[in-house]
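Report on one structure; see the data block that follows.
Residue numbers start at 1 and run along the sequence shown.
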Amino acid sequence: MQVSIVIPVRNEAENIIPLLEEIVDVMKGADAYEIIVVDDGSNDQTSQVLNQALQRVDMLRVIQHELSCGQSTAICTGIKVAKFAVVATLDGDGQNDPADIPRLYGVLMQQREESAQLWMVAGWRNKRHDSTWKLFSSKVANTVRGGLLGDKTPDTGCGLKVFFRDKFLELPYFDHMHRFLPALIIRAGGQVISVPVNHRARSKGYSKYGTLDRLWAGITDLMGVIWLKKRATVPVIKEI
């Protein structure tokens, strides 16, 4: 297994060290890997904590945004500097379980042998540990998005995904694009499969993105993805 693990963080000083320790433990059997933490303009102690972690974790790389640019931009920054052909992303709050990374990687490589068009394996938090309101709003959003985009993905909001770096970089970039990755991949001619993953309650800190913020941004972005989808053409190519 060779993989670049990209983690966007903003004000996660309390969670990042335990998460890094988990990843190092889980990845002991990997052939090669790196951990890229993108600090998206944190204004707590995240920067100091990461500087200390650099002295202890050999595989760690830290990229900093001077100002917060949002989760999608942080993810893109990490993927652009990644060394390996396969990228795994997960959130920095500790709710995604790093133990799922090797399993999703294995599914991607195994299923890739059967379908060359498989670009991504997406995590599916089928047993979530969130507030009632967050669960409700997420279910509504996934239902509406899935109905309009037909991406057949039950949980696009899960930060845990494993995919091919070069295919990601072919996708059109826009703010909040991380919420629509399956639809964008399908639009480009790729395939996505969803696999149940472990989900944990947040033990420290709080979510940096409000429900209403996601709602209004999501409506605008959804219309944009629908526009992109209607104008997509995937050619069937053969060499003569």
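- Pairing each heavy atom of Asp175 with each of Cys69, the nearest pair is OD1-O, 4.1 Å.
- At least one donor-acceptor pair closer than 3.5 Å links the side chain of Gln117 to the backbone N or O of Gly189.
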Walk me through whether Asp97 and Glu22 qualify under side chain to side chain contact (heavy atoms under 4.5 Å, CB included). CA-CA 9 Å; Asp97 189 344; Glu22 278 192 278; 4.2 Å; yes

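- Side-chain heavy atoms closer than 4.5 Å link hydrophobic residues (I, L, V, M, F, W, Y) into clusters, and following such links, even through other members, never connects Ile7 to Ile63.
- For the atom pair Cys158 SG and Asn126 CG, the distance stands at 10.0 Å (nearest 0.5 Å).
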Could you go through the side chain to side chain contact (heavy atoms under 4.5 Å, CB included) check for Glu170 and Trp119 one step at a time? CA-CA 11 Å; Glu170 292 176 6; Trp119 293 5; 4.2 Å; yes

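- Partners of Asp91 by salt bridge (Lys or Arg N to Asp or Glu O under 4.0 Å), not counting sequence neighbours: none found.
- In this model, a donor atom of one side chain and an acceptor atom of the other lie less than 3.5 Å apart for His65 and Thr77.
- You'll find the side chain of Leu19 reaches within 4.5 Å of the side chain of Leu90, heavy atoms only.
- A donor-acceptor contact shorter than 3.5 Å links the side chain of Lys161 to the backbone of Thr156.
- A search for side-chain contact (heavy atoms from CB on, under 4.5 Å) contacts involving Gln111 returns Val107, Glu114, Leu118, Ile193, not counting sequence neighbours.
- When atom types are taken as modelled, the side chain of Thr46 and the backbone of Glu12 share a donor-acceptor pair closer than 3.5 angstrom.
- A pairwise comparison of heavy atoms in Gly123 and Leu104 identifies N-CD2, 4.1 Å as the closest pair.
- Put simply, Val6 and Phe84 are part of two different groups of oily side chains (I, L, V, M, F, W, Y) that touch within less than 4.5 Å, one to the next.
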For Phe174 and Ser72, run side chain to side chain contact (heavy atoms under 4.5 Å, CB included): C-alpha distance rounded to whole Å, both residues' side-chain angles, the deciding distance at 0.1 Å, then the answer. CA-CA 8 Å; Phe174 56 91; Ser72 285; over 6 Å; no

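- Every residue meeting the side-chain contact (heavy atoms from CB on, under 4.5 Å) condition with Val86, not counting sequence neighbours, appears here in chain and number order: Val3, Tyr105, Leu108, Met109, Val162, Phe164.
- Of the inter-residue distances, the one linking Asp39 atom CG with Ile16 atom CD1 reads 9.0 Å to the nearest 0.5 angstrom.
- Side-chain atoms of Arg165 come within 3.5 Å of backbone atoms of Ile79 as a donor-acceptor pair (strictly under, hydrogens ignored).
- Taking the side-chain contact (heavy atoms from CB on, under 4.5 Å) definition, one finds that Asp58 meets it with nothing, sequence neighbours left out.
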Would you be so kind as to tabulate the donor-acceptor pairs closer than 3.5 Å made by side chains of residues 29-38, with sequence neighbours excluded?
from, atom 1, to, atom 2, distance (Å)
Asp31, OD2, Met1, N, 2.6
Glu34, OE1, Arg61, NH1, 2.8
Glu34, OE2, Ser4, OG, 2.6
Glu34, OE2, Lys83, N, 2.6

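- Applying the salt bridge (Lys or Arg N to Asp or Glu O under 4.0 Å) test to pairs two or more places apart or on separate chains, those with a residue in residues 98-108 are Asp100-Arg103.
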Are Gln45 and Gln52 close enough, and set up right, to give a side chain to side chain contact (heavy atoms under 4.5 Å, CB included), and what steps lead you there? CA-CA 11 Å; Gln45 300 300 309; Gln52 295 171 5; over 6 Å; no

